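Remarks on the structure that follows.
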Amino acid sequence: MPIHIIQDPLQDIPKTLQNIPIPTLTEKSDCAGKYVKGKVVFKGPLVSRGDHLNYILKIVIQEDAPQQSKASNYTSINVMLFGGLAKDFSHHAIQGDTVVPSGFTVSPSPTFKKDGQHPCSLHLDGDKACVYVLQASAPAEKKSGVNSTPKYTYVPLKELKLGSVVNVYAVVTFFKVPYPSKGTDYCSTLKLADQSGATVVCTVFSKNQDNQPKIFKTGDVIRLHRVKAYPFEGSIALVTSWGWSAVTFDGTVGTPVVPRTNSKSFHFGEEDRRAVTELREWAANVPPEGSSVPLSAVKPKQFFNLTCQLLAKATMDSTCTLLKVWDGSRCGYPLLTVPVEEGALEGGSPAVTEGQNLIANVLVYDNHVEVAQALKPGAFLCINNLHAVAQPGTSELSFHLHGGASYSRGICVLPLHSPEVSKLKSALQACAEQMEDDMNTCLGDMSSLTQLHATNGGPETSSSVRKCTHSLPQVSLAQVKSSPPPQFVHVRAQLSSYQPRRLYQCLKLFCSQCKAIEDVPDAESLRERFEAAAKDSMPCRVPWAVTVATDTDDAGRKIALHVSSTECPADRHSRLVFVQGATFQEMCRLSSEHEYMLPVRSSAGELALLDSTVPFLFRGKRHFYGCQQCSKGKVVKSPAVTTEVWNERNISEALGVQLMQHVAVMKLQLDDGTATLDTLLFEGSEDFFGVSADGMAYSQEAQDSVQQTMDMLLPADSSTLQRPWLDLCLCLYAAGENGETQVQIVNTHIRKHPIAE
DNA sequence: TTAGGCTTCG
């Protein structure tokens, strides 16, 4: 726990830490093992940077008395807290507390000129950062032996027990002004909330109007003594009981804590000041009333606000428009499917969401129709005062945005860079990834079945077959272009162009760990890169290999072959041979199907791999590359390949090299008459061509096959009439910083000999 | 005791 609540700084701060006076801090200060001490004179709001773990909190602390009067006058300094530390600090410390941060870094204060505070600021982030908090309290109260004031305990609203009479502190989120009841008393109804997350209704009875709690507006803080918790309609409610009292406070952060009450005598101390301050700060960071409810938490009959993404829309009639939306959470109730006329739906939804309670059908009525009509699929929305309506006889939910504008009912389009949208985007992304995982599992189980189905299928006019299990309607490319990611779509289209036209240029090296994609170096650059290595004639002997030297064509130059004594259990001929001082051509010449050849150079008496721009392993005509980013040290230790069978994977692991794999990457432009669409063939390229990327790298036959496929899809000088139609599965996803939609062809296999022939 | 927050054609 990076926040420590302490009683006595002298005792509770570790003696290993040393104080450094705030005025003496400079950018160059060595702050390891140091702490600063000061009073919190400002505490900003807890700011969330999108995801729930990512918080920032700014505070200003002031040192009591400058310890080095001559040093500088900067006794106040800005302190930035990050992550869990920021959140914990926000909960445990308030303005006025004395705090002792340690494990901070010092950097120039960006607001130095503006705020005139210390030219440096402190940053607390990571494992080493911690803050000791000495909570401010009224010493007089604690130390005076006179126990004149009773000690009250306050129960969090979530922990109310039926039948108990309790004291509570809460924020008023709703109130009805007092009115005469049908009995003898005045009555008012309040709704209360506190940090525990619960909201509770409270009824207040009083003999006269003046004794009612002095609530001026929602957000006020109330302290209630002696209220009784009792059951009402399945939840807990509060009602005033004998001898009850109420004190209220303004809820605005930073304003003086002034109690409002009619009571002649009431207890009010430092504890109360802290309770009010904490509630105010909590309330300031909680979204105001009418905050969004995720689909997963919606209950029948509820009116709520939904933050969501629009997937598709359809006009039902002149007074009603259907919006299909999702927020990445699954509704706890089955969702009603609203039938839509063919072609009426603009946009689409991922097929795998069917039956997953992910997509809500929102019926928008009357005055809201105009706004709804203008919305673009993909937009992020906040639909306010949406009504969850249960279908009679079933528990299926549909959602109605009724006519009228009360309770701020309506649709807002959220700006792309708002925190709500970042939050929503991460939820949607997580949901889409989950769906994809589910789908891949499903795909594995189903692939044999679909292949059978495909070959036994009826009349075929398509030159490709989809290998996915989606049951998606076919959409036009124009529709795809207006569809929001992430989702899968099915289209029928022709190829209109592709790049690169030279197929060998589409081969790349891919690191599955860091996702880097590199070009495959050509023979000429490899020859150059080996030149320096070939000049390495430093004799080198390693205990784990037998070294032999062989002559070269160059007079006097020798190649050293360090043959590892480790044998492959499954094949005694397999050996690891570390080759020192060879050119690229020599490496290729030496390389055979039996041995694994690894080019090395000498490095301080040991052998080291060459840099990652050249293959680290040669076998036969195959060359293997390591990832520059992800491979570990270059020095070769005794290579402990422990597996029964050897292959490039085991060997690279034993050497700490992250093996890169071949991938084929192409850009294909599709056309179906409604639009052209640029797509990427990457993850689905092996499926597409029915050829492995390694095959494309080394086998003439495979290369010819790929060329034939492309020639078949786009015959030279062909008209659109001559080009075959393709049934394709496309995956739409957001890519890059701006979240632009990228489209990949996936789950699609090209028939080289169309059945129609 | 009293009241028990509120909206809605679909």
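First the proteins, then the strands, lettered A, B, ... as listed; each starts at 1. All of these numbers come straight from a predicted model, not from anything done at the bench.
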Taking 4.0 Å as the cut-off, does a side-chain nitrogen or oxygen of A:K176 come that near to OP1 or OP2 on B:dG4? yes

A:H402 (side chain) and B:dT7 (base): donor-acceptor pair under 3.5 Å: no

[X] [atom1] to [N] [atom2], straight-line distance once rounded to whole Å:
X      : N     : atom1 : atom2 : answer
A:F174 : B:dT7 : CZ    : P     : 11 Å
A:K228 : B:dG4 : NZ    : P     : 19 Å
A:K182 : B:dT1 : NZ    : C1'   : 12 Å
A:N384 : B:dT7 : CG    : C1'   : 13 Å
A:Q209 : B:dT2 : CD    : C1'   : 15 Å
A:Q391 : B:dT8 : CD    : C1'   : 15 Å
A:M316 : B:dC9 : CE    : C1'   : 16 Å
A:F303 : B:dG5 : CZ    : C1'   : 14 Å

Check [Y] with [X], please: is the shortest side-chain N to carboxylate O separation under 4.0 Å?
X      : Y      : answer
A:R492 : A:D672 : no
A:R260 : A:D220 : yes
A:R274 : A:E278 : yes
A:D250 : A:K217 : yes

Kindly say whether the aromatic ring centers of A:F399 and A:H387 come within a distance under 6.0 Å. no

Check every strand shown and say whether [X] touches a base, only sugar-phosphate, or nothing at a heavy-atom separation below 4.0 Å.
X      : result
A:Y230 : base
A:K301 : nothing
A:G404 : nothing
A:T184 : base
A:C187 : sugar-phosphate
A:K191 : base

With respect to the side chain of [X], which nucleotide from [options] is positioned closest?
X      : options             : result
A:S406 : B:dT7, B:dG4, B:dT2 : B:dT7
A:K207 : B:dT1, B:dT2, B:dG4 : B:dT1
A:D185 : B:dT2, B:dG4, B:dT7 : B:dT2

Quick check, does A:F205 stack with B:dA3? I mean ring centres under 5.5 Å and planes off by under 30°. no

Give me each pair satisfying ring-ring contact (aromatic ring centres under 6.0 Å, His included) with a member in residues 156-204 of chain A, each pair once, sequence neighbours excluded.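 Pairs touching residues 156-204 of chain A that pass the test: A:Y154-A:Y169.
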
Write out all pairs satisfying ring-ring contact (aromatic ring centres under 6.0 Å, His included) with one or both partners inside residues 232-253 of chain A, taking only residues at least two apart or from two chains. A:F249-A:F268

Among residues 365-374 of chain A, which residues get a heavy atom nearer than 4.0 Å to DNA chain B? A:Y365, A:D366

Is the NZ atom of A:K425 crowded by more than 12 outside heavy atoms at less than 6.0 Å?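 Yes, the 6.0 Å shell around NZ holds more than 12 heavy atoms from other groups.
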
Closest-nucleotide ordering on DNA chain B, the 5'-leading residue of A:R409 and A:L401: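 Result of the comparison: A:R409.
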
